[in-house]
Amino acid sequence: MDEIDSNSPVRVRFSPAPTGYLHVGSARSALFNWMYARHTGGVMVLRIEDTDADRSRPELIDAIHESLSWLGIDWDEEYLQSERFDQYLEAAQSFLDKGLAYRCDCSQEASRARAEARGGKPGYDGFCRDRDVQPGEGVVIRFRTPDEGVTAWDDLIRGRVEFQNSELEDFVIVRSSGVPMFHVANAYDDLDMGITHVVRGEDLVNTVPRVLLLRAALGATDQPTFAHLPLIVNEKRQKLSKRRDDVSVGDYVNKGFLSEAMRNYLLTLGWSAKDDAEILPIEEFVAQFELSDINKAPAFFDIKKLEHFNSEYIRALSVEDFIERSIPFAGDVDPALYGRLAELVQGRIKRLDEIPALLEWVVGDAPEPSEKDWRKVMGKDGVPEVLDLVIERLAACAWTPESLEEVVFGVGKELDTKTQLPVRLALTGVRFGLPLFEPMAELDRDLVISRLTTARARL
RNA sequence: GCCCCCAUCGUUCAGUGGCCUAGGACACUGCCCUUUCACGGCAGGAACACGGGUUCGAAUCCCGUUGGGGGUACCA
């Protein structure tokens, strides 16, 4: 088979099955497809592979649109396979007419039983190849795979991959329900839509021979260029799974990751820019993106590193942008107050969902200090004197950040000790957090004094 | 079981026969800055899975071993 003419414009496709959410692995496939399309000035096709009956509900597809858009991935054309069944069925009929496919009425149990009897090798044995089964209840259409020869392709990432045709069973292309299956739809559409590059996860490699055989049966004499991406794995080096891992892009939206950070991180899994740069505007990555530069080994989805990217992107935001994008995470805070404190928040979070904890003592009650913190901070010599003096001066001082700082630090200088920590713990309940005096000035004088007095009484 | 694939610091990416006493980033440790935390600065520990070849020379090429993963549906 020939390669598709390399002068023809690039057409790539992202073809998810609608599952109600977008998997981060799929998101990365979409991203690499998109980057390649944009890099080459080609076309990005979104093709929803909803040949499975209960996966063609519109709300499941919305979730995909939403996540792709969130990531800033757009597409030029969109197709739904469920709207193209006629064409796949027509193709299947032509295979039947040409003797390239046949009907089969074997139940799954029967073929499994025969496989077992044969000696444990799973797979359909071609039982109905020449039985001339007629259409009817429980009848599927199977593709007749060659018994010898090899099917191979040159993968842009993996190099040459070959399969013995004898390893392939006669697989089902039309279900007994009359609904066509993934392989035919996939082969038909890639040909029909003029897809030049197939970029997807490595878990799909073993479907390539079937799709290639189907494509040839459809009359094609060429094949698209394949690029099979390494999988994204969890800490146990297994493919990310819905059951044990957070796999949906939406999960990360909810955890307070910025879309740019997510997109930037995703593209560093398996690929990198020339000069070791890891965080760049997407255009610069797109400009130098090549499929053939992608790594072969699976990559661990490291949330720590994602958080690092996220904090970089958060800090790069203007304060106005930060406020706008973070306020949905801020919880029950007066927007004006949040606006005044946002800059202090911005510099010290890795994720937007950390904001409520930082603001807790400002907008609500301060959490109870831990026993350990209390002992460590309040157990020091001189703390009672510090609190007494601070409380006394707070009663009369001006209520501005500067003035408050002057009071607290002034006491420190007089007593020759550090005063921030005991005041902070008494006021906020924790040893770390926002700079103290700006938020403190937002609180009522009475409240501040009462918290300090309560703490003093505990000593 | 069978088929396919993978293998550089804990993680990720760089390295495509000599520039490698293997580099960057994250994470980690220490110090500095700082009356919190974070940021920032400096320093540090940390890897070519193993065994054979090929070659004057191998992290880079070949073979094997080991380890890991993916697939094996009337899912995609």
Side-chain angles (χ1 to χ4, degrees), chain A residues 15-19 26 49-55 81 104 106-108 111-112 119-124 138-142 155 157-159 161-164 166-169 171-183 185-186 200-209 228 230-231 233 235-239 265 268-279 293 295-309 311 315 344-350 358 377 405 408-409 411-413 417-425 428 430-436:
Chain A
S15 29
T19 50
S26 304
E49 306 216 322
D50 55 350
T51 52
D52 191 359
D54 38 83
R55 290 193 191 178
Q81 288 190 329
C104 164
C106 297
S107 68
Q108 293 178 71
S111 39
R112 207 174 301 130
K121 281 187 186 146
Y124 182 71
V139 172
V140 301
I141 300 175
R142 286 183 185 274
D155 198 283
I157 297 174
R158 260 140 241 288
V161 185
E162 297 186 345
F163 282 83
Q164 296 295 322
S166 57
E167 295 294 339
L168 269 33
E169 63 177 323
F171 55 94
V172 174
I173 54 175
V174 179
R175 298 169 167 90
S176 57
S177 63
V179 176
M181 285 194 65
F182 154 73
H183 299 104
N186 192 274
R200 19 106 103 143
E202 195 204 340
D203 49 342
L204 273 319
V205 272
N206 62 329
T207 69
V208 176
H228 284 95
L231 260 20
V233 298
E235 60 287 338
K236 290 157 84 178
R237 305 248 116 214
Q238 294 162 324
K239 174 166 115 168
Y265 175 65
T268 66
L269 292 179
W271 182 78
S272 69
K274 287 281 166 263
D275 52 356
D276 274 337
E278 288 190 313
I279 298 182
D293 290 337
N295 233 137
K296 293 195 261 202
F300 169 57
F301 189 87
D302 186 357
I303 198 157
K304 282 266 174 39
K305 183 122 186 193
L306 207 210
E307 287 177 341
H308 167 72
F309 276 49
S311 66
R315 275 182 277 120
L344 305 179
V345 172
Q346 184 178 187
R348 64 204 75 226
I349 54 169
K350 289 186 163 75
L358 234 32
V377 175
E405 177 170 343
V408 175
F409 285 178
V411 168
K413 284 196 183 85
T417 181
K418 290 183 181 176
T419 53
Q420 179 173 175
L421 232 26
V423 173
R424 175 178 285 278
L425 193 66
T428 76
V430 285
R431 294 170 50 205
F432 51 84
L434 260 24
L436 193 56

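In what follows, every chain begins at residue 1, and chains take the letters A, B, ... in the order their sequences are listed. Since the structure is predicted, the reported quantities are computational estimates derived from the model, not experimental observations.
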Taking only side-chain N and O atoms of A/Thr51, does any of them lie within less than 4.0 angstrom of OP1 or OP2 on B/A76? yes
For residues A/Arg175 and A/Asp52, report the shortest heavy-atom separation together with the two atoms involved. NH2-CA, 3.8 Å
Please report the distance separating the C1' of B/U21 from the corresponding atom of B/A59, rounded so that it comes out in whole Å. 15 Å
Quick one: label A/Thr207 by what it contacts on the DNA or RNA (base, sugar-phosphate, nothing), any heavy atom closer than 4.0 Å. base
Side-chain heavy-atom pair A/Glu202, A/Lys296 within 4.5 angstrom cut-off: no
Residues forming a side-chain contact (heavy atoms from CB on, under 4.5 Å) with A/Thr417, sequence neighbours excluded: A/Val386, A/Leu415, A/Thr419
When the P atoms of B/A58 and B/G70 are considered, how many whole Å apart are they? 36 Å
Classify A/Phe163 by what it touches in the nucleic acid, base, sugar-phosphate, or nothing, heavy-atom distance under 4.0 Å. sugar-phosphate
Rounded distance in Å between the C1' positions of B/G64 and B/U54: 15 Å
Heavy-atom contacts, protein to nucleotides 35-40 of chain B, under 4.0 Å, summarised as B (base), S (sugar-phosphate only) or - (none) per nt, yield BBBSS-
Assert: residue with more 5' nearest nucleotide on RNA chain B, out of A/Val161 and A/Ser176, is A/Val161
Reckon A/Glu162 touches a base, only the sugar-phosphate, or nothing at all at heavy-atom distances under 4.0 Å? sugar-phosphate
Nearest-Å distance for atom pair CG/C1', residues A/Asp155 and B/G70: 14 Å
Considering every strand and a 4.0 Å limit on heavy-atom distances, what is the contact class for A/Leu204: base, sugar-phosphate, or nothing? base
Using the six-membered ring of A/Phe171, assess whether NZ or CZ of A/Arg142 lies under 6.0 Å from its centre and within 45 degrees of the ring axis. no
Going through the checks in order, is the side chain to side chain contact (heavy atoms under 4.5 Å, CB included) test met by A/Val161 and A/Val205? CA-CA 9 Å; A/Val161 185; A/Val205 272; 5.7 Å; no
Quick check: does any side chain N or O of A/Asp50 sit under 3.5 Å from a backbone N or O of A/Ala17, one acting as donor and the other as acceptor? no
Examine B/A73: is either OP1 or OP2 under 4.0 Å from a nitrogen or oxygen in the side chain of A/Arg142? Give yes or no. no
For every nucleotide of nucleotides 9-14 of chain B, 5' to 3': is a protein heavy atom under 4.0 Å from its base (B), only from its sugar-phosphate (S), or from neither (-)? --SSSS
Apply the test side chain to side chain contact (heavy atoms under 4.5 Å, CB included) to residues A/His228 and A/Ile157: give CA-CA distance (whole Å), side-chain angles for both, the deciding distance (0.1 Å), then the verdict. CA-CA 6 Å; A/His228 284 95; A/Ile157 297 174; 5.7 Å; no
Expressed in whole Å, how much space separates the C1' atoms belonging to B/G44 and B/G1? 49 Å
With C1' as the reference atom in both, quote the distance from B/U8 to B/G30 in angstrom, rounded to an integer. 27 Å
Separation between the P atoms of B/U65 and B/C56, rounded to whole Å: 28 Å
If you measure from the P atom in B/A38 to the same atom in B/C61, how many Å do you get, rounded? 43 Å
Donor-acceptor under 3.5 Å (A/Thr428 side chain, A/Arg424 main chain): yes
What I'd like to find out is whether the side chain of A/Arg237 reaches to under 4.5 Å of the side chain of A/Leu231, using heavy atoms alone. no
What do the steps show when you test A/Val139 against A/Ser176 for side chain to side chain contact (heavy atoms under 4.5 Å, CB included), and what is the final call? CA-CA 5 Å; A/Val139 172; A/Ser176 57; 5.8 Å; no
For A/Ile157 and for A/Lys239, locate the closest nucleotide of RNA chain B by heavy-atom distance; then report the residue assigned to the nucleotide nearer the 5' terminus. A/Ile157
Between B/C74 and A/Ser177, counting only base atoms on the nucleotide and side-chain atoms on the residue, is there a donor-acceptor pair under 3.5 Å? no
State which of B/A73, B/C5, B/A76 makes the closest approach to the side chain of A/Glu169. B/A73
Students often get this wrong, so: under 4.0 angstrom with heavy atoms, is A/Val172 touching a base, only sugar-phosphate, or nothing? sugar-phosphate
When you compare B/G69 with B/C37, how far apart are their C1' atoms, in angstrom units rounded to a whole number? 41 Å
Give A/Gln108 one of three labels, base, sugar-phosphate or nothing, depending on what nucleic acid heavy atoms sit under 4.0 Å from its own. base
